[in-house]
Amino acid sequence: MSTFLFTDEHDDFRASVRSFSQSRLAPGYMARATSSDFFWDTYRELGRQGLLGLGVSEENGGQGADLITVGIACEEIAGADYNAAFTVFNASVAGGMLEKNLQPGLREKWLPGVISGELLTGLALTEPESGSDAQAMRMKATRVEGGWLLNGEKTSSSLAAHAHGLVVFAKTSQDGGTRSVTAFFVPLDSPGISRHALNDIGFKPIGRAAVAFEDVFVPEENQMGEVGRGFQMVMGEFDYTRSLLGLMCYGSAQAAIDMTVAYAKERKAFGQPIGRFQGVSFPLAEHATYLEGVKWLSYHALALRMAGRPHTKEAAMIKWWGPQTAVRAIHDCIVLHGHVAYSEDLPLQQLLRDVSGLEIGDGTPQIQKMIVAREMFGREYLPYAAPQATA
C-alpha cells in the first residue's frame with residue numbers, strides 16, 4: 001500500500017509561498033479584485049518569484065516542478081489572492097502546452113515572456129452556441145497558401161481581454177466529429193481580430209471576453225500539434241486543470257474559514273464569544289471536513305497523473321464538488337460574521353463572487369457528473385457524455 005505524503009521540499013516550498021502570498025498579495029487583494037484592470041505589476045512579481053514557470057522544464061527556462069508543487073502554489077496563493085492564483089494556474093498549464101506544442105521558433109519567442117510575466121496567453125475553446133458541446137463548434141479554419149484563415153467567434157475566454165496570444169481551437173474539416181478540431185496559436189494583434197470584454201460580478205481583473213475572427217491569417221508554423229488532434233490535446237489537459245482548480249477552491253475557502261474562526265473567538269454575544277455556540281462552531285467544523293476532502297482528492301488526482309494512471313473520474317469529481325463546497329463555506333462565513341461581512345470592509349463578499357465563477361468555468365457540474373457516471377457505468381452504457389466519448 002502506498003501512502004501520499006508531502007516531501008520536505010514540498011513543505012519548504014509551501015512555507016516560502018505562504019510567506020510571500022500573505023505579505024505581498026493578501027493586503028492588496030480587494031483593490032485588485034474590484035478593478036477590471038489587469039494587475040501587471042503583481043503578475044511580473046509572480047514571475048520574478050519563479051511562480052509562473054512551474055509547469056515548464058528547466059531546459060526551457062522554467063522551474064521543472066512536479067505537479068504536487070504546482071498544486072501547492074495554487075492552493076497557497078488562492079488563500080491570499082484568488083485572482084493571482086488563477087494567473088499562476090494559467091501560466092503553469094499554458095506554459096506546459098506551449099512548451100510541448102509550439103514550433104521551436106515560436107516557443108523561443110513566447111515562452112520566456114510567459115515565464116517572466118511580460119506576456120499573457122489564454123485558451124479559446126467555448127463558443128456562443130456550443131458551450132460544453134465541443135462537437136458543435138462552428139469556428140472554421142480554411143487552409144490557404146502558407147497557413148490557415150480563421151473565421152468565427154469564441155466567448156467566455158478567460159484573460160482574453162488582456163492577453164497577447166490565445167490557443168484557438170477550430171474545425172479544419174466539417175465532418176462533425178471531434179477529430180476535425182485543430183489547435184492554433186494566434187497572436188491577438190493579428191489583423192481581423194476584435195475583442196469585447198464581458199462585465200462580470202467577480203473575476204474582474206482576470207476577465208472574460210468574446211473574440212471574433214474574420215479572415216485571420218495564421219501561418220503554418222502556428223499550428224499546434226497534428227491536424228485534427230486539437231480536441232484530444234485540450235481534453236488531455238482538463239484532468240490536470242480541474243485538479244488544480246480544486247486546490248484553488250480549497251485555498252480560498254480555507255482562508256474564509258480561518259478568518260471566521262478568528263472572528264468568532266473575539267466577537268461576543270450573550271456574554272461570551274460566539275465561537276462557543278454550536279450554531280457557530282458546528283457549521284465551521286462541517287465545512288472544514290468537506291474542504292479537507294476536496295484538498296486531498298485534488299492532490300490524489302495530481303499524484304495519479306504523476307504516476308501515469310487514469311484520473312478522469314477524480315478530476316471530474318473535484319470540478320463539480322470543489323466549487324460547490326467552497327461557495328457554501330464562504331457563504332456561511334459571511335452569515336456567521338453578520339452585518340460586518342455585508343460590505344467591502346471585509347473580503348468575503350468579493351471572495352464569494354470570485355470563486356463562484358468556477359461553478360461554471362472549465363466544465364459545469366452537470367457535465368462533470370456525466371463524466372463521473374460514465375466512468376462508473378462504462379462509456380458504452382452511458383453514451384450521452386458525447387464531448388469526451390471520442391477523446
Side-chain angles (χ1 to χ4, degrees), residues 55 90 93-103 106 121-143 147-160 165-186 210-211 213 216 218 220-245 305 310-313 315-316 319 360-364 366-375 378-380 382-391:
N90 179 75
V93 175
M97 286 187 69
L98 297 182
E99 181 179 28
K100 288 184 290 185
N101 297 292
L102 280 187
Q103 297 293 328
L106 276 178
T121 63
L123 193 74
L125 179 65
T126 302
E127 296 188 2
E129 299 300 324
S130 62
S132 298
D133 184 5
Q135 293 191 91
M137 184 182 298
R138 296 182 181 179
M139 184 84 175
K140 184 167 63 173
T142 306
R143 189 181 287 279
W148 303 82
L149 283 183
L150 300 185
N151 283 280
E153 182 182 356
K154 298 295 183 180
T155 192
S156 195
S157 297
S158 298
L159 293 166
L166 289 177
V167 178
V168 179
F169 296 84
K171 283 195 171 180
T172 44
S173 67
Q174 298 304 308
D175 62 9
T178 56
R179 295 189 183 277
S180 65
V181 177
T182 303
F184 301 90
F185 185 75
V186 184
V211 186
F213 301 78
V216 176
V218 180
E220 192 80 42
E221 65 193 35
N222 287 51
Q223 177 186 316
M224 299 179 67
E226 300 176 23
V227 172
R229 297 293 296 174
F231 187 76
Q232 287 70 25
M233 178 191 300
V234 72
M235 294 312 301
E237 297 297 324
F238 275 148
D239 291 346
Y240 179 38
T241 62
R242 289 164 181 167
S243 303
L244 293 179
L245 291 174
R305 188 178 185 87
H311 53 291
T312 294
K313 179 178 70 175
K319 184 56 186 63
I360 301 171
D362 219 66
T364 63
Q366 293 85 352
I367 292 293
Q368 304 313 307
K369 291 174 185 178
M370 287 168 62
I371 294 170
V372 174
R374 183 200 63 193
E375 293 294 314
R379 299 188 179 202
E380 297 77 15
L382 292 178
Y384 56 71
Q388 289 203 16
T390 57

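Quick caveat, the model's predicted, so the values are computed rather than measured. By convention here, the first residue in the shown sequence is residue 1.
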Minimal heavy-atom distance between Pro128 and Thr155, with the atoms involved, is N-CG2, 3.6 Å
Sorted by chain and number, sequence neighbours left out, ring-ring contact (aromatic ring centres under 6.0 Å, His included) with Phe169 holds for none
In short, Met224 meets Met233 closest at the heavy-atom pair O-CE, 3.3 Å
Output for pair (Ser158 OG, Leu125 CG), nearest 0.5 Å, gives 11.5 Å
Smallest heavy-atom separation, Ala170 atom then Lys140 atom, equals CB-C, 4.1 Å
To the nearest 0.5 Å, atom CG of Leu123 lies from atom NZ of Lys154 at 9.0 Å
Find out whether Lys319 and Leu245 are in side-chain contact, i.e. whether some heavy atom of one side chain is under 4.5 Å from a heavy atom of the other. yes
To the nearest 0.5 Å, atom OG1 of Thr126 lies from atom CD1 of Ile360 at 11.0 Å
**Message:** For Gly152, is there any backbone N or O sitting under 3.5 Å from a side-chain donor or acceptor partner on Arg138?
**Reply:** no
Is any side-chain heavy atom of Phe185 closer than 4.5 Å to one of Val167? yes
More than 12 heavy atoms from other groups under 6.0 Å of CD on Glu226
no
Sequence neighbours excluded, the answer for ring-ring contact (aromatic ring centres under 6.0 Å, His included) partners of Phe184 is Trp148
Scanning both residues in full, the closest heavy-atom pair of Val372 with Lys313 reads CG2-O, 3.9 Å
* To do: Report yes or no: does Thr121 contribute a side-chain atom to a donor-acceptor pair with the main-chain N or O of Leu166 at less than 3.5 Å?
  => no
Separation between CZ (Arg305) and CG (Asp239), nearest 0.5 Å, reads 6.5 Å
Taken to the nearest 0.5 Å, the spacing of Gln223 CD from Arg143 CZ works out to 6.5 Å
For Glu237, the salt bridge (Lys or Arg N to Asp or Glu O under 4.0 Å) test, sequence neighbours excluded, returns Lys100
Closest heavy-atom pair, Asn90 versus Gly122, reported as atoms and distance to 0.1 Å, is OD1-CA, 4.4 Å
Check whether any side-chain heavy atom of Arg379 lies under 4.5 Å from a side-chain heavy atom of Arg374, and answer yes or no. yes
Problem set entry | Side-chain heavy atoms of Val181 within contact of Met139, under 4.5 Å | no
To the nearest 0.5 Å, atom CG of Leu149 lies from atom OG1 of Thr142 at 6.5 Å
| Pairwise side-chain contact, Phe238 with Ile371, heavy-atom cut-off 4.5 Å (strictly under) | no
